[in-house]
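Remarks on the structure that follows.
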Amino acid sequence: MATLRSLASKLSALFRRQQWHVRVDEELEFHMGRETEENIRRGMAPRDARAAAHRKLGNTTQVCEEVHRMNTIAFLDETARNVQVSLRTLRKNPGFALTAVLVLALGLGASTAMFSALDRILFRPLPYADADRLVNLGWTMALGTRPGQTQTRLYSRGYRQRWKPAPEPFTAITTIAGAVETCDITEQQPERLRCAKVEDNFLETLGVRPALGRAFTPEDDARGAPPVAIISHDVWTRRFRADPGALGRTIELNGKPIPVIGVLPAGFAVPGVEADILRPQQIYPIDPGVQGGSLLTAFGRLKQGVTPEQAKAAIAPIIADDAKDLPHMADGNQQRVVPVRDYLVGDAARVAWLLLGAVAVLLLIACVNVANLILVRMSARNREFAVRAALGASRARVARLALTESLLLAVAGGGLGLLLAAGMLRVFVQLAPSSIPEIAQASLDQRVFFVAAVLALVAGAAVGIWPTLSILRSRALQHGPRATMATRPRMRFTLVTVQIALTVAMLGGSALLLRTMWNLVSIPLGYQSERVLTMTVALNPALYPNGSRDPFFERLLGHIRTIPGTVTMSTGAPPAGVAATVTGFRLDGQPSKSQAGTPTMRARGVTPGYFQIFGIPILRGRAFAEADWGGQPTVILSESAARILFPGQDPLGHTVQLLPSELKYRWSQPAEVIGIAQEIRNTGPMLEPQPEIYAASWWDNSAIAYFAIRTQVGTAEAATFLKQAVADLDPRTPVTIELLDEQVARQTERPRFLAWLLSAFAGLALLLAAAGLYGVASYLVAQRTREIGVRMALGAAPADISRQVLGEAARWIAAGTILGCVLSWTATRAVEAQLYGVGLLDPLSWIAALGVLGAALLLAVLLPATRAARVDPMEALRAD
Amino acid sequence: MDKDKAAILQGTLDLLVLKTVETMGPLHGWAIAKRIEQISDDLLEMKYGTLYPALMRLEQSGWISSEWGTSDNNRRARFYSITRQGRRQLALEAKGWTQMAAFITRVLGTTR
């Protein structure tokens with residue numbers, strides 16, 4: 001307490017130091033006057049009186065100094081002075097200061113931007129209580145258009161018996177039913193929202209309480225119970241102006257007024273899906289007479305101390321029971337129990353870590369670069385430090401001065417880096433693939449500022465530590481300025497080597513990714529995507545009951561066909577988007593052995609013209625004709641489908657019947673195989689094609705139809721025409737129109753994003769490494785001017801001198817490259833999962849990477865080498 | 001420095017100053033110096049300069065307070081007076097000093 005108070009008074013004294021000085025001066029002055037008067041009164045001559053008073057007072061300078069010391073905190077004072085000195089020296093070397101700040105800003109800015117972009121994925125706490133104990137469980141199924149993209153589901157039939165009450169080691173299990181569906185607010189200011197159907201214990205299991213009102217009860221969730229809704233915080237503020245009176249009011253969804261019983265807390269997000277409104281599932285009890293069920297997304301809360309792996313082992317038999325109700329559930333699918341964060345982030349975590357790693361390497365290179373710059377400057381300042389030491393500064397004191405300078409550089413670099421980060425973040429968010437979740441919400445907030453500040457300080461300490469160490473070890477402080485000239489460049493050599501090594505890894509990784517990108521661009525898709533527009537039309541089931549949808553789409557198709565060009569309508573997104581999956585067949589009236597590994601096949605109902613629009617060749621038989629649409633059932637098989645269903649036979653003329661699928665499509669007449677179509681990449685460019693069955697028929701009552709148009713008119717005009725065509729029939733129905741080219745590009749956006757970003761990073765790294773090498777080489781040449789002069793005077797040719805400099809640089813480059821290759825051996829494993837069609841040891845990539853590196857570095861040492869050759873021996877010898 | 005005059009013992013200046021301002025009420029620096037010298041019957045030799053840092057240290061410790069006033073010769077001077085805390089400190093230090101003095105006297109008595 002006493003020390004605290006004394007510190008406080010010291011601090012206040014520190015800030016009022018000037019006042020104390022004025023005061024002590026005045027007091028001493030008064031004292032002198034009074035004493036002189038006294039002496040005169042005692043009979044001294046005025047001059048003697050003053051002198052005597054002065055003698056009696058003692059050394060006033062010492063008094064002032066003591067007062068000064070008394071009011072000083074030595075450390076702060078020294079730091080303040082160090083900062084002043086450093087600022088002054090930096091201002092005198094604007095070139096060095098600017099370079100160092102810029103390089104640090106680049107590294108820090110990129111790291112900050114990357115951190116803020118990926119924080120939500122990797123680090124930020126999830127909006128659920130005890131999220132570590134929350135897991136996602138079920139069967140993983142390959143759904144989606146990228147390799148590795150899966151969804152985890154349970155089957156609803158039998159779910160209650162198996163999972164209620166929650167089996168060991170869970171305290172609770174809850175589910176979201178099916179897919180999140182759009183639901184329309186149909187009162188004033190209509191808008192389209194997303195509704196998720198959840199179990200009554202959903203919020204409780206996630207450990208979330210409504211901000212307002214109540215959660216669902218089992219009564220709400222029973223089949224036939226009166227409908228209720230819980231709205232998101234956003235909907236509440238937007239539509240109810242955050243009025244607590246919203247509870248008990250109704251919200252009109254799909255034409256039905258539904259009472260609002262609760263409001264979700266701000267910041268809450270339904271795991272894995274975007275939903276504005278929660279509604280009870282109301283699917284239980286399932287009528288035993290009714291077939292089928294739906295897929296559920298399940299979450300469980302683990303008991304304390306249980307790992308997901310233990311839980312997985314414990315419930316494996318229960319998950320396996322799903323296959324009793326849905327036989328194909330176990331085919332090729334795997335059981336999974338993973339923490340909810342893994343579920344949310346999925347395979348994006350790998351990409352996120354890869355990016356963080358890359359940016360960390362970039363920051364490291366930037367730091368090494370600046371450390372090198374400082375080191376070079378420090379040796380130039382050895383003389384100054386020696387003088388300081390000679391004047392009584394301790395080693396530690398000189399080292400602190402040096403460290404202050406690097407910290408100042410880092411602070412400036414960090415500040416500038418934040419500005420850069422704001423810009424870079426905007427670019428990241430723009431470029432980032434949609435498959436990296438949450439990236440759009442990234443912003444520079446407090447958390448990011450904090451991390452940026454810590455990074456800057458660490459970087460400052462890191463770039464300062466080597467130079468500071470070198471001062472502490474330097475002999476200059478002992479032997480005086482003359483001894484400094486021959487300091488060994490080993491530390492600089494190490495730093496340059498490390499930089500080169502890191503750059504090799506970066507260049508190699510980005511070369512592999514660039515090749516991946518090239519491979520992806522040049523994949524033969526099997527169809528032509530140029531100048532094709534796709535349109536998705538989704539009807540609101542509430543406005544279009546069963547029976548009214550098919551006629552609507554038929555009318556729309558007729559309407560659109562008036563456009564010059566070819567038009568097709570299909571049940572799945574053409575030609576490589578979502579499509580129905582079929583697993584059960586009857587061939588020529590005989591059930592196919594689905595257990596014997598019949599793979600899932602994609603099935604798509606298409607109007608004639610489909611193959612023509614996408615340029616898919618028909619290898620055998622014929623394409624659909626107009627008469628097939630709505631006529632005798634016919635199908636066309638893809639090559640692989642034909643091979644699998646009719647091994648060793650000619651499929652033409654045989655019949656295929658799709659068995660009623662558990663998924664909601666119903667269509668089951670024996671249909672004649674009339675053609676074999678060439679395989680296309682029908683699940684995305686990076687995935688192997690799946691067997692596909694095309695039918696010249698329509699799934700009854702589908703609420704969504706997909707159109708594709710290849711037209712001679714401009715795409716913008718065509719889009720306007722399509723929108724108008726739908727609006728003419730029903731202006732309330734939303735449409736999505738896209739260029740197929742863009743859709744295809746989006747499916748490869750992740751590798752492209754990675755390739756560009758890593759290449760940019762690698763480019764920066766290369767630039768920094770080259771600059772670092774240039775700096776060190778120039779410095780060495782400058783240091784050795786005298787030696788070079790002597791050698792030239794003794795008859796060395798300029799070429800010999802250049803060769804010597806180049807030879808030395810070549811040794812560094814070689815060492816760095818070798819170290820880099822060793823480093824890459826492990827480092828490039830990080831990109832392995834992102835590669836396509838190229839191995840880690842792809843010779844072309846590595847030759848290109850090393851070639852670029854060699855060329856850039858050679859260029860960097862060429863200038864110092866020629867400068868060395870141009871040294872004038874006379875001048876060199878005369879100097880110093 | 002006169003040989004028969006004692007220099008102020010390290011650490012005792014604070015005690016002397018506190019005691020002086022306690023008994024004499026508000027005094028300026030010169031008067032405090034004079035007073036200490038006078039009480040010591042001029043046996044004490046002190047460099048007046050050392051007084052001022054001591055005064056400021058005591059003030060920063062909160063044992064004395066000060067304000068500007070007018071001296072007997074009509075000049076502006078800083079007047080120091082003791083605070084409550086200062087009185088406590090004085091009592092404490094006086095006690096310590098007495099004990100110490102008694103101890104030293106005893107030591108000197110036994111070895112003589």
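Reminder, nothing fancy here: chain letters follow the sequence lines and each chain counts from 1.
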Go through the steps to decide whether A/Met32 and B/Trp30 satisfy the test side chain to side chain contact (heavy atoms under 4.5 Å, CB included), and finish with yes or no. CA-CA 9 Å; A/Met32 280 287 294; B/Trp30 183 78; over 6 Å; no
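- The shortest side-chain heavy-atom distance between A/Lys56 and B/Glu37 falls under the 4.5 Å cut-off.
- With rounding to the nearest 0.5 Å, the separation of OH in B/Tyr52 from CG in A/Leu57 is 7.0 Å.
- Put simply, CD on A/Glu27 and CZ on B/Arg76 are 10.0 Å apart, with the number rounded to the nearest 0.5 Å.
- Shortest non-hydrogen contact noted between B/Ser66 and A/Arg23 is OG-NH2, 3.4 Å.
- The shortest distance between side-chain heavy atoms of A/Glu35 and B/Lys34 falls below 4.5 Å.
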Decide side chain to side chain contact (heavy atoms under 4.5 Å, CB included) for B/Arg75 and A/Glu37; before the verdict, give the C-alpha distance in whole Å, the side-chain angles of both, and the deciding distance to 0.1 Å. CA-CA 12 Å; B/Arg75 298 250 189 84; A/Glu37 266 173 39; 3.1 Å; yes
